[in-house]
Amino acid sequence: MIRKITALILALILIAAFPAGAEAGQMGEYVGEYAAEATLWFRRSDGTELTSVDRTLVVAEGKTPERCALEALLHPTGEDWISPAPQGTQLTRLEKSGGIVTVDLAVDLSYLESQQELALMRTAICNTLLSLEGVDAVNLMLNSRKEAVCGLPDGVATEKDAGAAVEWARFQADAERCGQEGGVSQRWAVLYFPSQNGLWLLPELREISISEGDSAARLMEEIIAGPAREETSARLLTVGALAAEPTIEITPAGEQIVRIALNASVRDSLLLQGTPEWLLSAAISMTVCSFLPEVDGVTITLGEEPVFGANIRGANRIFEDNIIRRQDFNMYVGGICQLRLDDGGGNLTPVERVTSAARAESPWHVLQQLIAGPTSGENGVFQVTPAGVSTQDLLGVRVENGTATVNFSANFYRLCQPLNPRQERTLVYAIVNTLCQLPPVKAVCIRIEGAEVETLAGEISLTGELLPSPGMNAF
Amino acid sequence: MIAYLLIIAVAFTVVAVSLVRLVGDYLFNQQMKDDQRVAQNIAAALADDFCARDAQAVYRAAVSYVEGEAARILVLDRQGVVQVDTDSSLNGAKFENPEAQAVLGGEELAGNIYRDRGGAPKWLDRLNLMRAGNMMTGVYAAAIHQRDQTEGAVVYISQAQEIYRGLTAIRGKIILWLGLIAAVALVLSMFVSRTVTRPIAEISRGISRMAAGDLSSRVNIRGKSEFARLAVAFNSMSARLQQLDNARSQFVSNASHELKTPLSTMKILIETLLYQQTPDPAMEKEFLGDINKEIDRLNGIVSDLLTLVNIDSGGMKLKPEQVRLGSLVQEQARRLMPLARENGIEMNCTVKDACETTGDPGKLQQVFYNVIDNAIKYTPRGGSVNIEVLRAGRRAEIRVSDTGVGIPEKDLPHIFERFYRVDKARSRETGGTGLGLSIVKQIVLLHNGTIEATSTVGQGTVFTIELPIG
Ligand SMILES: Nc1ncnc2c1ncn2[C@@H]1O[C@H](COP(=O)(O)OP(=O)(O)O)[C@@H](O)[C@H]1O
Ligand SMILES: [Mg+2]
């Protein structure tokens with residue numbers, strides 16, 4: 001009782017004494033610059049091989065390590081290093097979700113003298129990005145299209161430290177094999193599936209066998225096979241959805257379009273499943289355009305009707321000439337943010353929430369999700385914050401030099417007073433372990449109204465910063 | 001025996017207790033040193049990752065150190081807050097352990113073994129280590145350094161249970177061994193007391209028996225030990241003593257008897273004289289003559305006894321001077337000639353060599369007188385006595401042979417003993433005491449000579465005395 005009263009008084013004093021906390025940058029989100037390790041693959045002057053150099057990149061505020069690595073690679077400082085891309089190459093888009101990075105470069109391809117140079121550039125960019133922590137696959141697009149190497153889709157790069165010459169030899173060998181009767185090659189493709197919550201597209205890596213000219217059909221087969229991660233991704237098409245084999249045509253404007261003919265029943269099954277219809281166009285166009293080379297878009301027919309537009313989250317959109325392009329949907333690539341919630345026994349169970357790719361890695365957003373607690377579909381996990389704590393009580397998150405300083409309200413402090421040691425530890429380490437899953441965060445500092453407090457309920461010392469406790473994570 | 005057992009028990013208990021303590025301390029020290037080193041190594045190994053705030057790496061490394069062991073690692077930051085815990089149950093808590101505080105306060109190392117649950121400090125309780133049966137916990141802290149700065153501390157907590165168990169086993173072994181040794185010591189001491197103490201006790205018992213007057217007691221110890229030899233010596237000594245004692249009592253009884261006989265005779269004669277009704281001067285004269293003879297006889301016995309006692313006590317001193325044995329023998333033969341004649345015995349004395357030597361002439365005369373006297377006494381009328389003095393090399397030989405009654409073979413070895421007489425009646429009749437030959441033998445021996453007798457019953461006896469010349 002006495003403890004509660006003192007806590008209340010302290011909370012009031014804190015509220016009175018630290019309104020300055022807001023001005024001291026303790027409100028909202030701020031992620032300061034931090035360091036990331038990368039291996040940059042530059043072009044050797046002879047133009048046939050690459051040379052790698054380890055760098056510690058300074059990831060400036062508002063940037064990502066991937067962007068920094070690409071900038072460092074495309075615009076090398078000093079004369080010793082040669083960019084693997086032609087001069088004037090610009091990064092137009094960078095998507096990152098669940099370890100899959102999609103890079104779109106604006107590049108003047110006429111500078112590239114041969115397929116080998118193209119392959120060299122591809123290897124350099126992919127190797128560089130794959131050297132970053134958290135990057136498992138790189139899908140390189142040039143001028144918003146996939147390029148063919150030796151006449152075959154180049155696919156998604158997953159292999160780190162690949163030698164340029166070796167890669168080139170493999171492309172040649174693959175082309176030769178596929179040229180023969182019945183020859184196939186393995187490629188990694190990114191499939192996009194609707195998220196379970198019907199708001200996002202979630203990318204997924206899939207290894208597929210291709211032979212000359214049937215890549216579109218293979219991709220459709222994989223989409224029909226469904227997502228591997230059914231916890232977060234939803235099924236899109238079922239067997240028998242295809243009305244005809246996909247075909248490729250060239251428009252009068254000279255664009256390459258893949259024509260996908262689906263049965264009209266697809267609409268009903270989507271409705272039944274609760275997946276918004278726009279995700280059909282989104283997933284198919286994204287999947288096809290992210291793999292098939294030199295394809296600008298797709299057209300989809302549902303029965304006899306062509307899909308000419310979509311209602312995207314309440315907003316109508318018309319596709320010009322019924323052509324659905326990757327750019328129409330690439331902003332809907334979602335990401336999975338990982339939270340750690342109490343499994344009821346004091347261990348921290350991972351909980352995945354699909355959000356926009358950008359927010360998935362935002363400390364502020366992740367913490368908001370954590371405070372919001374388990375959603376109706378999440379079973380076996382429990383709220384870590386005491387009852388009465390709302391997202392309003394998160395005043396700010398500031399990441400600097402690897403330390404995330406989380407600023408909570410005095411209300412939060414007050415509500416935490418009655419926690420028992422186990423609950424207190426679970427709460428604190430749910431916050432710490434969740435935040436430390438984000439690349440720039442190594443340790444967490446918890447402040448109340450911008451001020452240092454000894455502890456919340458007596459068990460955990462909050463005066464310093466806390467490292468995560470991996471042993472509390474239940475995998 | 002109980003005292004022995006008690007001493008052994010006390011001594012062994014003291015040894016056992018101090019041994020167990022010694023071994024225990026050694027083991028603990030060793031364990032502490034080892035664990036301290038472990039803590040230090042872990043601190044060094046984790047330093048880089050910890051300073052880089054790579055909790056995952058630190059945790060994984062720490063877990064790998066304690067994998068499969070009853071140990072735990074805590075990594076504390078500078079404030080003493082647990083940042084890594086291999087059990088993941090103390091993260092974020094302040095760890096107020098004296099060792100950790102010492103290290104964070106600037107010490108390089110600190111360690112201690114906490115025994116037993118009673119009064120365990122709060123932080124130790126929080127470790128949850130003191131579960132049933134865990135009586136000992138070693139807590140070691142080592143500093144984590146980066147560029148000479150203490151960045152934190154590794155606390156290595158090991159269950160000292162192993163040493164404790166080892167110690168119990170060792171204690172059991174020590175007690176067992178000491179018990180065995182005690183038993184062996186007991187058996188050995190019993191054996192020693194049997195082989196050493198018992199003979200001594202036996203001999204001392206023999207001595208006290210002897211002191212009590214039992215000269216017949218003997219000590220029985222077998223074997224070849226010193227004690228057995230001592231027993232043999234003791235036994236021969238007591239045999240000799242017994243023999244002497246027998247001889248002494250024999251002598252005393254003989255002497256008393258010999259002295260008593262003339263006294264009783266005299267008493268009878270005197271009483272007869274005193275109580276006669278009518279005095280008869282002829283008988284009185286005869287009786288007084290008899291009494292006089294008895295007195296002579298007593299006198300003779302007493303002087304003989306005195307001579308013997310004198311010899312026995314070593315009081316007899318020879319007065320050596322130049323003597324001619326031939327003349328001495330002739331002189332004695334002449335002295336006894338009347339007696340021989342009286343007894344109707346023919347006596348011849350042949351001196352083949354004068355045999356000049358040194359000796360006590362008085363004593364030697366006594367010798368020759370006695371032997372010749374015996375020859376005459378124990379030769380019946382009509383017999384003869386032959387005396388010869390001759391020289392054989394560096395010895396003089398005096399041979400006295402007679403044609404008398406002779407001495408039976410069974411008596412021959414005893415004739416030199418005191419009071420020994422072959423025919424007591426006859427000897428007495430002739431006025432013998434049985435002391436003559438023993439005095440003779442003693443004197444001859446004093447002159448480094450020998451005397452021996454050969455005899456044939458009914459034919460005669462030959463006494464041969466040999467004396468050194470020069
Ligand atoms: N020449 C001898 N012939 C026979 N017996 C002898 C002779 N000399 C000594 N003996 C025996 O030895 C005994 C001891 O002699 P001795 O000591 O002189 O005592 P004693 O003459 O007083 O009897 C005599 O009693 C006698 O029996
Ligand atoms: Mg005699």
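These values consider heavy atoms only, across backbone and side chains, with no hydrogens, waters or symmetry-generated copies. Letters A, B, ... are given to chains in the order of the sequence lines, protein chains preceding strands, and every chain is numbered from 1.
More than 12 heavy atoms of other residues, nucleotides or ligands lie within 6.0 Å of CZ in A:Arg422, so this atom counts as buried by the packing criterion. Remark: B:Asn41 CG is packed, more than 12 non-hydrogen atoms of other residues, nucleotides or ligands lying under 6.0 Å away.
Under 4.0 Å is where a charged nitrogen must lie from a carboxylate oxygen, and between B:Lys94 and B:Glu96 no such pair does.
Within the 4.5 angstrom heavy-atom criterion, atoms from both the backbone and the side chain of A:Glu465 approach chain B. Within the 4.5 angstrom heavy-atom criterion, no atom of A:Thr455 approaches chain B. For chain A, the nearby part of B:Val82 is the backbone; its heavy atoms alone come within less than 4.5 Å. Using a 4.5 Å cut-off between heavy atoms, B:Asp77 contacts chain A through its side chain alone, with no backbone atom that close.
Here the CG atom belonging to A:Asn347 is positioned 8.5 Å from the CG atom belonging to A:Asn473, to the nearest 0.5 angstrom.
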